[in-house]
Amino acid sequence: MRTFSAIAGSALFLVAAPGVVAGVIPWLLTDHYRMPWSAVSGFVPLGWILVAGAAAILLHTFTRFALEGLGTPAPVAPTEKLVVGGVYRYVRNPMYVAVLSIILGQVLIFSSWAVLVYGLIATAAIVSFVKVYEEPTLARRYGAEYEIYRRAVPGWLPRITPWRG
């Protein structure tokens with residue numbers, strides 16, 4: 001039953017948080033995706049590669065939270081265990097990196113200054129949230145286990161080789 005609740009809660013949070021941040025808001029800023037696509041050679045395919053790749057990583061991270069951590073990414077329903085498998089062996093914040101990459105992909109697809117400015121604001125908000133709330137909360141919740149992980153795995157730019165802690 002715990003696994004089902006974790007999957008359902010993660011799916012709901014996926015729609016509510018990244019769905020709004022990386023989907024609904026850029027959708028509104030691009031006039032419901034009706035803007036013309038970028039005329040800059042290579043931007044549109046590169047943007048789609050970013051969006052598709054980041055979406056796959058985002059789904060992977062939510063799955064890991066539900067199945068490995070037995071919880072959700074939502075602060076109100078945290079994981080029972082620290083999630084350090086899969087892409088989390090390369091970077092501590094793959095969920096946020098994926099969301100920001102989806103936004104950047106849309107910047108490229110539409111050559112949209114509005115989405116670019118929004119992406120910069122979203123980046124500042126996310127980094128601030130991580131520093132002010134998430135890292136201290138994880139340190140309290142998981143103690144030495146999180147500190148070892150935090151020291152070994154970078155927060156934003158992935159390692160070349162996976163951490164094997």
Hydrophobic cluster membership, with links at side-chain heavy-atom distances under 4.5 Å among I/L/V/M/F/W/Y: are [X] and [Y] in one?
X	Y	result
Val15	Met95	no
Leu28	Val51	yes
Val91	Tyr146	no
Tyr133	Val21	yes
Phe13	Leu59	yes

Distance check, rounded to the nearest 0.5 Å: [X] atom [atom1] versus [Y] atom [atom2]?
X	Y	atom1	atom2	value
Arg34	Trp27	CZ	CH2	8.0 Å
Phe110	Asp31	CZ	CG	10.0 Å
Arg92	Arg151	CZ	CZ	11.0 Å
Leu58	Thr63	CG	OG1	9.5 Å
Leu108	Leu50	CG	CG	6.5 Å
Ile121	Ile25	CD1	CD1	10.0 Å

pair [X]-[Y]: side-chain heavy atoms closer than 4.5 Å:
X	Y	value
His60	Tyr88	no
Val130	Trp156	yes
Val97	Leu157	no
Gln106	Tyr33	yes
Thr123	Val127	yes
Thr3	Leu70	yes
Pro18	Phe62	yes
Phe43	Trp37	no

What residue pairs, at least two apart or across chains, pass side-chain hydrogen bond (donor to acceptor under 3.5 Å, both in side chains) with a residue in residues 67-78? Arg64-Glu68

Do any pairs count as a side-chain hydrogen bond (donor to acceptor under 3.5 Å, both in side chains) and have a residue in residues 38-54, sequence neighbours left out, and if so which ones? Ser38-Ser111

Heavy-atom closest contact ([X] atom, [Y] atom, distance):
X	Y	value
Pro162	Arg89	CB-NH2, 3.0 Å
Pro158	Pro154	C-CG, 4.2 Å
Ile103	Gly119	CG2-CA, 3.7 Å
Ser101	Ala54	CB-CB, 3.7 Å
Gly71	Arg2	CA-NH2, 4.0 Å
Ala22	Pro26	O-CG, 3.6 Å

For Arg159 and Val153, indicate whether the former's side chain and the latter's backbone hold a donor-acceptor pair under 3.5 Å. no

What do the steps show when you test Tyr142 against Thr79 for side-chain contact (heavy atoms from CB on, under 4.5 Å), and what is the final call? CA-CA 10 Å; Tyr142 301 108; Thr79 58; 2.7 Å; yes

Would you sort out whether Tyr96 and Glu134 count as a side-chain hydrogen bond (donor to acceptor under 3.5 Å, both in side chains), showing the intermediate values? CA-CA 12 Å; Tyr96 298 130; Glu134 191 168 270; 2.7 Å; yes

